[in-house]
Every structure is written in C-alpha cells, then in structure tokens.
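Here the structure comes first, spelled out in structure tokens, and everything after it is commentary.
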Amino acid sequence: MFQELGFDLTLASSPLFHDEPWTEERKGAFERDFDAKVHIYEPRSSDRAWCSVRFSWQTNFETSRWNPPGLRTWFETILEQEAPDLLLVNYAKWAPLACSDAARGISKVLLSQDLLSLNAHLQAKLNPHFKGGPYDLGKLSPRVVHPSFLEAIRLDTVEGMEAELAAVDVFDLAIAISDWEAQVFQRCLSPARVHHLPLVFEPRDLPNRYAGAPIFLAAMNCFNLQGLALFVQHILPIILRSAPDFRLRVAGPICKHLLPAQGVELLGFVDDLDALYADARFSICPLLGGTGQQVKVMESMACGVPVVSFAGIALACGLEEERQGLVANSPEDFARACLRLWEDGALAARLGTQAKAFISERHGFPEAVHRLESALKGCPRPPKVFP
C-alpha cells in the first residue's frame, strides 16, 4: 500500500523473538520481490539474557522485555542512516523504538494487529485447561467449553491494558485492523489519531461446487481448541441427531494435537487450500473469543464460502446474518445454522456469492490504499514529505 502511494520502503527486523532465521537468501528474495531495503539485527547473548529476565516478570504488558538496549541502539543507527519520513511499527510493544532522539520529527504510525494485553489475558484464562495433548475434544473440561466462559471480561480488569494504551499514545496515528479495537484506542486518543483499516483480501475465482463437507481451518492455539471442543461437545451432537452423515473437515496444524472424534475428519496439513474451499459447502468459526480479525473467516468469504459463526466473531469480521453467512447466539442456533446449509446447497451458493462480493467491495486493495492515504493525510502530523 505504501509503495502504491509512492513511498520507498526499508524494513528493519530481527530473529530475536522467533526461530525463523533471516537467511541471505530470504533477505535477497524480500528485497527483490518487494523492491525494499532490508536491515537485520542479529541478537547477542546479552540481548537474550535481557529478554529472558524480563519475560520472567509477572506482568502482562511491559515494553522493556521486547526492547533490549542492543536492539534500541541498532535501531537508532538505522533511523539516522535512512532518515525516513515515516516510521511504521507493528504492535505497541515496539513503542520504545519510536521514542529515541533519532525518531524526532518522523511521523510515527502504529499498525495494531491486535491488543496484546487482552490476548494475553484471554490466554491466561484458557491455557491452564489445555496442558499436554493430544486432546480428546469430547472430554475437555465442560467449564472451559461453556459458551459463557469468556463473557464476563471487562477491559478495566485486563492487566497491562493501561500500559499498552500508553504505548499507543506514542504514535501520531494508530491503525487497527479490528473496528472494535479502534474504538478502544479512541477512548485514550483523539479520533483523528485512530483509523480502522481491516485486512486486505482479494476474492479468489474458484469453481465452487458447494457439495462437500463443511471445513474448519485452524492453527494450534487455545482459542481454536476451545471453539472446536465446544463444537464437538455442544453443537455436533445436535447436528448428528438430524443428519447422521454430517462430518466436519478440520485442516491445519491443530490436527496434530487432536484425537479422532465422531463426525470430525482430521486432514492435517493441506497443500491445496483452493481445492478444499472449492468443494466445501460452508465453513465454521465456533470461537468464543480472540483478538484482531479472524483470518479464517475473511479467507473463507474471499473464496466464496459462507461462514457460520457466533455473534462476537461475526461483528469483528463484518459478517451479517443471511448476507455472507449465518450468525448464532447459542450452540443450538449454531447447530440449526449448520443444518440449514448442510441441507440447502442453493442457500450456501447464494450466501457464498454474496460473501465474495462483500470482500471485493470492502476489503479489496484499491479501497485499502485509499483509506490509508486518507488516514495519513488526516492525522495531526502527516509525513513531512507526502509523495
């Protein structure tokens, strides 16, 4: 998007917090494919020791744990060397990198994928129930798969939320991919400093047949485990009583951590997702909680496949009842919605077509570029040099 607006790009990154190395081959490919300069910080043992100590602290959001002195000094050098007009940072945890003397006078933009303090708070409630594995979805604690498990969370009780919002305040403009999280930012920042810019998805032209089993694509995390366990324990039994031949196809890394369950087909890693989507009658997202936008929901709609989800997830993704899928307020509602689509291929096709049109209209690249340009020009301190 920034290149479309005329900016030249420089990426600063480090393998300090993940295991995927920045090899020379990957660095070269990124520079070539994206026409961008890449700077990589190779962490030292002192950086890892710094982070190790601070990650042992019992705090939910503490920026110092992600910003060892070596990284900050290196980044200041990059800023002095490149003299950028605009600094784009993903996640408020990197706010200290935008606070150095070298960053003065530079327009600072935060791209918030999700609220880290809230995400950590939710995981702290769920993770104690998901130790070990592989998991028998039908035997996980009835308490953790109850629809009300995450209902009573209030933002003013989330440890670290105040610290995260203070970190957001460092930036001239905060961009959130979730409309709800943009509203949270507006409670502490002026409206001109907050912008909602959802994820970009291009519609995929697939030969949708709407004939196969519904699908659930999932990485391995506590939110997906909880949602799938709720489906198996509270929703699937209702469906199977009316449709004994019903089955759900589950794909993705989560499959390696699951035991077989009646009515569930574990596909594991799927090399050709287009073929999976082209065959599916619909997809499900039975998650009760999470942060940011659910990529699985957006991708399904981009592929012309309608989605069944609970109301909270639907709201975060712009999914409307009888427009791009079906929205449920209870396990019984969810089961009825699945049965409707299982029995009515024409309904699935209509909703799937509307879902793809929704993605084209609201989440396409041209619209996103226009919204980004408006956000940059409208913030209190736009870039000094706007191409």
Side-chain angles (χ1 to χ4, degrees), residues 1-11 34-36 84-92 94-95 98 106-116 118 164-165 167-204 290-304 307 312-320 323-325 354-387:
M1 292 185 201
F2 279 96
Q3 285 176 321
E4 190 73 14
L5 293 175
F7 286 92
D8 295 322
L9 301 184
T10 299
L11 174 73
F34 293 95
D35 192 23
D85 300 302
L86 183 147
L87 173 60
L88 178 70
V89 176
N90 66 328
Y91 289 116
W94 307 115
I106 301 173
S107 296
K108 304 173 185 66
V109 178
L110 170 69
L111 176 59
S112 178
Q113 315 283 347
D114 55 6
L115 285 165
L116 293 175
L118 177 58
E164 183 166 10
L165 293 179
V168 173
D169 195 30
V170 166
F171 297 89
D172 301 304
L173 176 67
I175 296 176
I177 65 172
S178 162
D179 182 46
W180 177 81
E181 289 172 12
Q183 293 176 37
V184 173
F185 289 160
Q186 285 178 344
R187 298 178 191 178
C188 66
L189 305 176
S190 67
R193 293 176 60 196
V194 180
H195 193 80
H196 171 224
L197 184 63
L199 294 172
V200 173
F201 288 88
E202 294 296 335
R204 304 231 280 271
T291 52
Q293 270 192 318
Q294 289 296 324
V295 173
K296 61 174 70 67
V297 173
M298 309 306 295
E299 184 178 62
S300 180
M301 290 194 291
C303 290
V307 184
I313 297 298
L315 183 64
C317 296
L319 175 66
E320 301 171 279
R323 295 294 298 275
Q324 302 88 21
Q354 293 173 182
K356 186 184 290 188
F358 168 80
I359 292 295
S360 179
E361 294 167 7
R362 306 278 187 88
H363 294 270
F365 185 74
E367 171 66 15
V369 172
H370 173 71
R371 295 179 68 170
L372 175 61
E373 182 178 26
S374 298
L376 292 174
K377 289 182 175 179
C379 76
R381 190 171 72 170
K384 288 183 178 179
V385 180
F386 200 92

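Closest heavy-atom contact between L173 and A375: CD2-O, 3.8 Å. For the residue pair P198 and R371, the shortest heavy atom distance occurs at CD-NH1, 3.7 Å. Looking at every heavy atom in both residues, V170 comes nearest to A98 through CG1-CB, 4.2 Å. Taking all atoms of both residues into account, the shortest heavy-atom contact from I359 to A302 is CG1-N, 3.6 Å. The shortest heavy-atom contact between Q113 and N90 is NE2-CB, 4.2 Å.
A heavy-atom distance below 4.5 Å is not found between the side chains of L87 and W94. Using a 4.5 Å heavy-atom cutoff, the side chains of L111 and Y91 are not in contact. Taking the side chain as every heavy atom from C-beta outward, W180 and L315 never approach each other to under 4.5 Å. Within the 4.5 Å cutoff, side-chain heavy atoms of L376 are placed close to those of L86. Put simply, the side chain of D172 does not reach to within 4.5 Å of the side chain of V109, judged on heavy atoms. Counting only heavy atoms from C-beta outward, the side chains of E4 and F365 approach each other to under 4.5 Å. For the pair V89/F171, a side-chain contact is recorded, criterion being any heavy-atom separation below 4.5 Å from C-beta on.
Counting heavy atoms of neighbouring residues, nucleotides and ligands inside a 6.0 Å radius, atom CZ of R362 does not exceed 12 of them. Atom CZ of R323 sits in a sparse spot, with 12 or fewer heavy atoms from other residues, nucleotides or ligands closer than 6.0 Å.
Side chain of R193 to main chain of F185: no donor-acceptor pair is present (N/O by atom type, distance under 3.5 Å, no hydrogens or angles).
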Assess whether side-chain contact (heavy atoms from CB on, under 4.5 Å) is satisfied between M1 and L197, documenting all intermediate values.
-> CA-CA 12 Å; M1 292 185 201; L197 184 63; 4.1 Å; yes
